[in-house]
Amino acid sequence: MGLEGVEPSSFMADFLAGCGGYAVVDGGLATELERHGQDLNDHLWSAKCLISFPQLVRRVHLDYLEAGANVIISASYQATIQGFEAKGLSVEEAETLIKRSVEIACEAREIYLQRCAKGYWDFFDSPKIDRHPVLVAASVGSYGAYLADGSEYSGNYGASMTLETLKEFHRRRLQILANSGADLIAFETIPNKLEAQAYVELLKEENIDIPAWFSFSSTDGTNVVSGDPIIECANIADSCSQVVAVGINCTPPRLIHGLILSIRKVTNKPVIIYPNSGETYNGETKQWEKTRGETEEDFVSYVGKWRDAGACLFGGCCRTTPNTIRAISRVLFDKSS
């Protein structure tokens, strides 16, 4: 990557400069796995495919790289030691699969860069295709994602939940991912302040030596899903020197602009946004439900506005596809169709 050993303070600035000022993040992993025929109605969600179909995970990563992604996110969002143990795997097997999630993404990057060097996709006329940097981000989902009961979309873990409990839940997985070969850690869909604080303390306690981004989710455009103000959550992220970007994911596109403005009030760190398609997840039925008539075209039409508001990294979350990412890349870099 050429970014090894770079101080966290300059890591993201250097990466963005290498990408041309903005970077494209990948889109929905589970969405694509399902499109390829996988049934992910499972407590492990996309991490199920680390066991059953790892080659498909690699293929989806490659699809997003072909579409223009500068960042691909590992299939570890719902990959936890506790979750794998519940499926009958040993701790050692669980730890191997968590590390394997990053190795698969790194393999996809290597294949992609080799093909670029050989001119494999000669229908691309942009010289940028064979020299732009690609990062692998190791995904860390919230405690609610492990519960697989929809609480990641409410941030309600109950009155008895403590900071120490959250830290101990995440600690070993974070240690594994930090030593997996990933370029950075992606703390995703953070639903409340407590979990954000747990991550900050873990990064310090474990002396994690790779950067991280913090990405929150919102349903009202002002607060994260728990009701904690986004400004307070972004402040927590800003306080941590290892955090190199702060942003929003798995949130309706129509809410993103205001959230970018709020985040930028409290941090000068780059803002990352990767919304969902605009649908709402029903934790009881485990189905995505249309709430407004937003289309992929509507989603992409927001990108210029988000860029003008101050965002630097753009991608998609649930229900977005390589076509979404390809369109975002064209908007950012004026690529011809």
Side-chain angles (χ1 to χ4, degrees), residues 1-25 70-71 73 132-133 135 137-140 178 182-204 207-218 221-224 228-251 253 255-275 302-315 317 328 331-333:
M1 272 305 307
L3 292 172
E4 295 83 355
V6 175
E7 288 297 315
S9 59
S10 61
F11 174 93
M12 190 56 73
D14 292 349
F15 171 64
L16 290 169
C19 292
Y22 304 101
V24 180
V25 183
N70 301 107
V71 184
I73 304 172
H132 74 273
L135 295 181
S139 174
V140 173
D183 298 297
L184 74 165
I185 306 290
F187 293 100
E188 303 188 275
T189 325
I190 306 172
N192 54 45
K193 286 196 301 183
L194 187 67
E195 200 148 24
Q197 187 61 43
Y199 292 149
V200 167
E201 294 188 15
L202 276 177
L203 286 169
K204 294 176 181 177
N207 296 311
I208 302 302
D209 62 359
I210 62 173
W213 81 52
F214 278 26
S215 183
F216 300 89
S217 58
S218 173
T222 303
N223 307 297
V224 299
D228 295 331
I230 184 62
I231 286 179
E232 295 180 14
C233 293
N235 250 327
I236 291 171
D238 185 67
S239 72
C240 181
S241 61
Q242 288 299 114
V243 175
V244 296
V246 184
I248 300 291
N249 75 292
C250 214
T251 294
L255 301 179
I256 296 296
H257 183 262
L259 289 163
I260 295 170
L261 297 177
S262 295
I263 291 169
R264 286 185 45 84
K265 288 178 181 177
V266 295
T267 185
N268 290 320
K269 294 180 180 183
V271 174
I272 178 171
I273 56 99
Y274 48 118
Y302 287 115
V303 172
K305 186 177 182 182
W306 296 336
R307 178 180 57 196
D308 294 343
C312 298
L313 298 100
F314 309 81
C317 199
I328 290 172
V331 169
L332 292 175
F333 301 109

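None of the values given here were measured: they were computed from a predicted structure.
Residues V331 and W306 have side chains not in contact (no heavy-atom distance under 4.5 Å, counting atoms from C-beta outward). Side-chain atoms of N223 and P229, non-hydrogen and from C-beta on, do get closer than 4.5 Å to each other. Looking at V71 and F15, their side chains come closer than 4.5 Å, going by heavy atoms from C-beta outward. Between S217 and T251 there is a side-chain heavy-atom pair separated by less than 4.5 Å. F11 has its side chain within reach of L135: a pair of non-hydrogen atoms, C-beta onward, lies under 4.5 Å apart. Side-chain contact between V24 and F333: present, with at least one pair of heavy atoms (C-beta onward) separated by less than 4.5 Å. Contact check for I185 versus V140: side-chain heavy atoms found under the 4.5 Å cut-off. For the pair E195/F187, no side-chain contact is recorded, criterion being any heavy-atom separation below 4.5 Å from C-beta on.
A donor-acceptor pair is defined here as one N or O able to donate and one able to accept, closer than 3.5 Å; such a pair exists between the side chain of K269 and the backbone of V243. Using modelled atom types, no side-chain atom of S10 and backbone atom of A13 make a donor-acceptor pair closer than 3.5 Å.
Here L332 contributes atom CG and C312 contributes atom SG; the two are 10.5 Å apart, rounded to the nearest 0.5 Å. Atom CD1 of residue I328 and atom CZ of residue F314 lie 8.5 Å apart, to the nearest 0.5 angstrom. Of the inter-residue distances, the one linking L184 atom CG with I208 atom CD1 reads 12.5 Å to the nearest 0.5 angstrom. In this structure, I73 CD1 and S139 OG are separated by 6.5 Å, a value rounded to the nearest 0.5 Å. To the nearest 0.5 Å, the span separating CZ on R307 from CG on L313 amounts to 13.5 Å. Atom CG in D209 sits 7.5 Å away from atom CD in Q242 (nearest 0.5 Å).
A pairwise comparison of heavy atoms in A182 and A138 identifies CB-CB, 3.7 Å as the closest pair. Residue G221 comes nearest to S218 through the heavy atom pair N-OG, 3.0 Å, listed as atom of the first residue, atom of the second, then distance. The two atoms that bring P133 and G18 nearest to each other are CD-O, 3.4 Å, heavy atoms only. What you find for Y22 and A311 is that their closest heavy atoms are CE2-O, 3.8 Å. Nearest approach of T222 to I230, heavy atoms of both residues: O-CG2, 3.0 Å. In this structure, M12 and P270 approach most closely via the heavy-atom pair CG-CG, 3.7 Å.
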Taking only distance into account, with no hydrogens and no angle test, what donor-acceptor pairs under 3.5 Å do side-chain atoms of residues 256-263 form with protein atoms, sequence neighbours excluded?
| residue | atom | partner | partner atom | Å |
| --- | --- | --- | --- | --- |
| S262 | OG | G258 | O | 3.2 |

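No more than 12 heavy atoms of other residues, nucleotides or ligands lie within 6.0 Å of CG in N268, so this atom counts as exposed by the packing criterion.
For the side-chain contact (heavy atoms from CB on, under 4.5 Å) test, residues two or more places apart in sequence or in another chain that qualify with A196 are I190, F214, F216, I236.
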